[in-house]
Asker: 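Here it is, the structure in full.
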Amino acid sequence: MMEKLFKLKAHGTSVRQEVIAGLTTFLAMAYIIFVNPSMLEMAGMDSGAVFVATCLAAAIGCFIMGFVANYPIALAPGMGLNAFFTFVVVGQMGYSWQTALGAVFLSGICFLLLSLFKVREWIVNAIPMSLRLGIAAGIGLFLAFIGLQGAGIIVDNPATLVSLGDVTKFESIMAMFSFLLVITLVHFRNKAAVLISILVVSAVAVLTGKQEFTGIMSAPPSITPTLMQMDLAGALDVGMVSVVFAFLFVDLFDTSGTLIAVAQRGNLLDDRGRLPRLPKALFADSTATIAGAMLGTSTTTSYVESTAGVASGGRTGLTAVVVGLLFIACLLFSPLAGMVPAYATTGALLYVAILMMSGLVGVDWEDLTEAAPVVLTTLVMLLSYSISHGIAVGFISYAALKLMTGRVKELNPAVLVLALAFVVKYAVL
């Protein structure tokens, strides 16, 4: 049955090899079951329900990717998009988390339609590489800022807006310890570095009496508080158009980049450098986002941590299915997730930020018409506390600079349309 479903022999792999790869990928990305509930709880959502939604959305995405697309790529609610959901859409713009879930649902529908009608390739190929790198780096900075704030290392200041907090506090010390521990473990090629860091800091918090011990295993919490709570009518509000677009846009490029990165690592590309069964892989990503919104979590996307499993020999969808089964098993560990303090996840946020910012090496810094929009994108995203504002400023500045320097031929219709749309948005709204 395994051979028929996943064509193991054709891919030069075995059930044992795929199981080991699945376990490796899971350990590399399991931190999301602790970070996501902690993040969305700050938006007013029930953390227990979000924990269940996170595990189920990840499992659904992994199963579809495994059985339909037959790729060793795992999915789960994405970092960066959960921060945008909580701190921008709900916190800054003032929408309810139900409306934010509606926006996630609509972005998933749009992603599915773009994939079915093959518009996705046109959009991805039309967006300049420098802007893609700038958006990823900006989200990385955004995550780092959130992590430092949550640990009390960066605090508000009426004179300078932000300043250094009390770094001698237990929370701040543990936050920095979690980061140093992650980097140390990664240096020694530990696949579960982020997960171990979260568990160690949480254990220290419990042992020192800073966090109450509530047990390790129990029956899963009720998902009722978040199940089918999307406010679709609110998400269709004119002011939410940019939010839906931001969810869609970031997921679009995050997924594309992840699929290519994992495929290259596993030699899964064809002789033309393309990914076979790409529509099926995109179908898995978009349907997982739709299902996740219905369950009660932010955008579900493909995880670049899947490269860890591919490096361990994963070559087929059986790897993804194993990851999905492990997420299902995690439903029994909700008390453990509830004992994770916010500062225990700081190391994870900072580490993910480093990975996302590393792409800046690909920017042509000698060409200021390429480099300047990148810098503006990252700075505005961080300082305005908004991923969508950063994306907008990046497109507007890129188009303006190309026009003003007489390099109109380097612009394409997609960039011009998007830049004009953002200008109209700011002028009208």
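Computation of the quantities below employed the complete heavy-atom set of this structure, encompassing side-chain atoms and omitting hydrogens, waters and symmetry-equivalent molecules. FYI, the numbering just counts along the sequence from 1.
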Asker: Quick one: closest heavy-atom pair of Ser298 and Phe85, and the distance?
Answerer: CB-CD1, 4.0 Å

Asker: Evaluate the side-chain proximity of Tyr95 to Val90: yes if any heavy-atom separation is below 4.5 Å, no if none is.
Answerer: no

Asker: State whether the side chain of Thr378 and the backbone N or O of Val375 hold a donor-acceptor pair below 3.5 Å, judged by distance alone.
Answerer: yes

Asker: Verify the neighbour count for atom NZ of Lys169: are there more than 12 heavy atoms of other residues, nucleotides or ligands below 6.0 Å?
Answerer: yes

Asker: Taking the side chain as every heavy atom from C-beta outward, state whether Val310 and Arg315 have any atom pair closer than 4.5 Å.
Answerer: yes

Asker: Stepwise, does the ring-ring contact (aromatic ring centres under 6.0 Å, His included) test hold for Phe51 with Phe34?
Answerer: CA-CA 8 Å; Phe51 169 80; Phe34 304 115; 7.7 Å; no

Asker: Is a side-chain donor or acceptor of Gln17 paired with a backbone partner of Val15 at a separation under 3.5 angstrom?
Answerer: no

Asker: Identify which one of Thr289, Val323, Asp285 satisfies the side chain to side chain contact (heavy atoms under 4.5 Å, CB included) criterion when paired with Leu75.
Answerer: Asp285

Asker: Would you say the side chain of Tyr398 lies within less than 4.5 Å of the side chain of Glu370, judging by non-hydrogen atoms?
Answerer: yes

Asker: Can you tell me if Thr25 uses its side chain to pair, donor with acceptor, with the backbone of Ala21 under 3.5 Å?
Answerer: yes

Asker: Considering all heavy atoms of both residues, which atom of Cys55 and which atom of Cys330 are nearest to each other, and what is their separation?
Answerer: SG-CB, 4.1 Å

Asker: Looking at Ile391, Val88, Leu141, Val393, which one forms a side chain to side chain contact (heavy atoms under 4.5 Å, CB included) with Met381?
Answerer: Ile391

Asker: Side chains of Ser96 and Asp231: any donor to acceptor distance under 3.5 Å?
Answerer: no

Asker: State, to 0.1 Å, how close Pro341 and Met339 come at their nearest heavy-atom pair, and which atoms those are.
Answerer: CD-O, 3.1 Å

Asker: To the nearest 0.5 angstrom, please state how far the OG1 atom of Thr301 sits from the CG atom of Leu81.
Answerer: 7.0 Å

Asker: Between Ser202 and Leu199, is there a donor-acceptor pair closer than 3.5 Å when you use the side chain of the first and the backbone of the second?
Answerer: no

Asker: With rounding to the nearest 0.5 angstrom, report the CG to CG distance, Leu418 to Leu131.
Answerer: 10.0 Å

Asker: Can you name the closest pair of heavy atoms from Val50 and Pro37 and give their distance?
Answerer: CG1-CA, 3.7 Å

Asker: Do we see a donor-acceptor contact under 3.5 Å between the side chains of Glu18 and Thr316?
Answerer: yes

Asker: Is the shortest side-chain heavy-atom distance between Met39 and Leu349 below 4.5 Å?
Answerer: yes

Asker: May I ask you to test the Tyr343-Phe170 pair for a side-chain heavy-atom distance under 4.5 Å?
Answerer: yes

Asker: Is the backbone of Ser384 close enough, under 3.5 Å, to the side chain of Gln92 for a donor and an acceptor to pair up by distance?
Answerer: yes

Asker: Can you list the steps and then say if Leu331 with Leu56 is a side chain to side chain contact (heavy atoms under 4.5 Å, CB included)?
Answerer: CA-CA 8 Å; Leu331 288 171; Leu56 292 179; 4.0 Å; yes

Asker: Quick one: CG on Leu40 to OG1 on Thr226, what's the gap to the nearest 0.5 Å?
Answerer: 9.5 Å

Asker: Checking Ser306 side chain against Ala74 main chain: does a donor-acceptor pair fall under 3.5 Å?
Answerer: yes

Asker: To the nearest 0.5 Å, what is the distance between OG (Ser286) and CD1 (Ile109)?
Answerer: 8.5 Å

Asker: Side chains of Ile354 and Phe179: closer than 4.5 Å at any heavy-atom pair?
Answerer: yes

Asker: Any idea how Phe327 and Phe26 line up, ring-wise: parallel (<30°), tilted (30 to 60°), or perpendicular (>60°)?
Answerer: perpendicular

Asker: First locate atom CH2 of Trp97, then atom OG1 of Thr99, and finally report the distance between them rounded to the nearest 0.5 Å.
Answerer: 10.0 Å

Asker: Could you state the interatomic distance from OG1 (Thr300) to CG (Asn36), rounded to the nearest 0.5 Å?
Answerer: 8.5 Å

Asker: Taking side chain as C-beta onward, heavy atoms only, is Phe84 less than 4.5 Å from Thr299?
Answerer: no

Asker: Is a donor on one side and an acceptor on the other found under 3.5 Å between the side chain of Glu305 and the backbone of Met29?
Answerer: no

Asker: Check this for me: Phe245, atom CZ, are more than 12 non-hydrogen atoms of other residues, nucleotides or ligands nearer than 6.0 Å?
Answerer: yes

Asker: Side chain of Ser178, backbone of Ser197: donor and acceptor closer than 3.5 Å?
Answerer: no

Asker: Within the 4.5 Å heavy-atom criterion, are Ile60 and Leu295 side-chain neighbours or not?
Answerer: yes

Asker: Enumerate the residue pairs fulfilling side-chain hydrogen bond (donor to acceptor under 3.5 Å, both in side chains) with a member in residues 56-69, sequence neighbours excluded, ordered by first and then second residue.
Answerer: none

Asker: Consider side chain to side chain contact (heavy atoms under 4.5 Å, CB included). Of Ile135, Leu360, Leu133, Leu379, which one does Val374 pass it with?
Answerer: Leu360

Asker: Without swapping roles, check the side chain of Ser172 against the backbone of Ala151 for a donor-acceptor pair under 3.5 Å.
Answerer: yes

Asker: Please confirm whether the backbone N or O of Pro77 pairs with a side-chain atom of Tyr303, one donor and one acceptor, at under 3.5 Å?
Answerer: yes

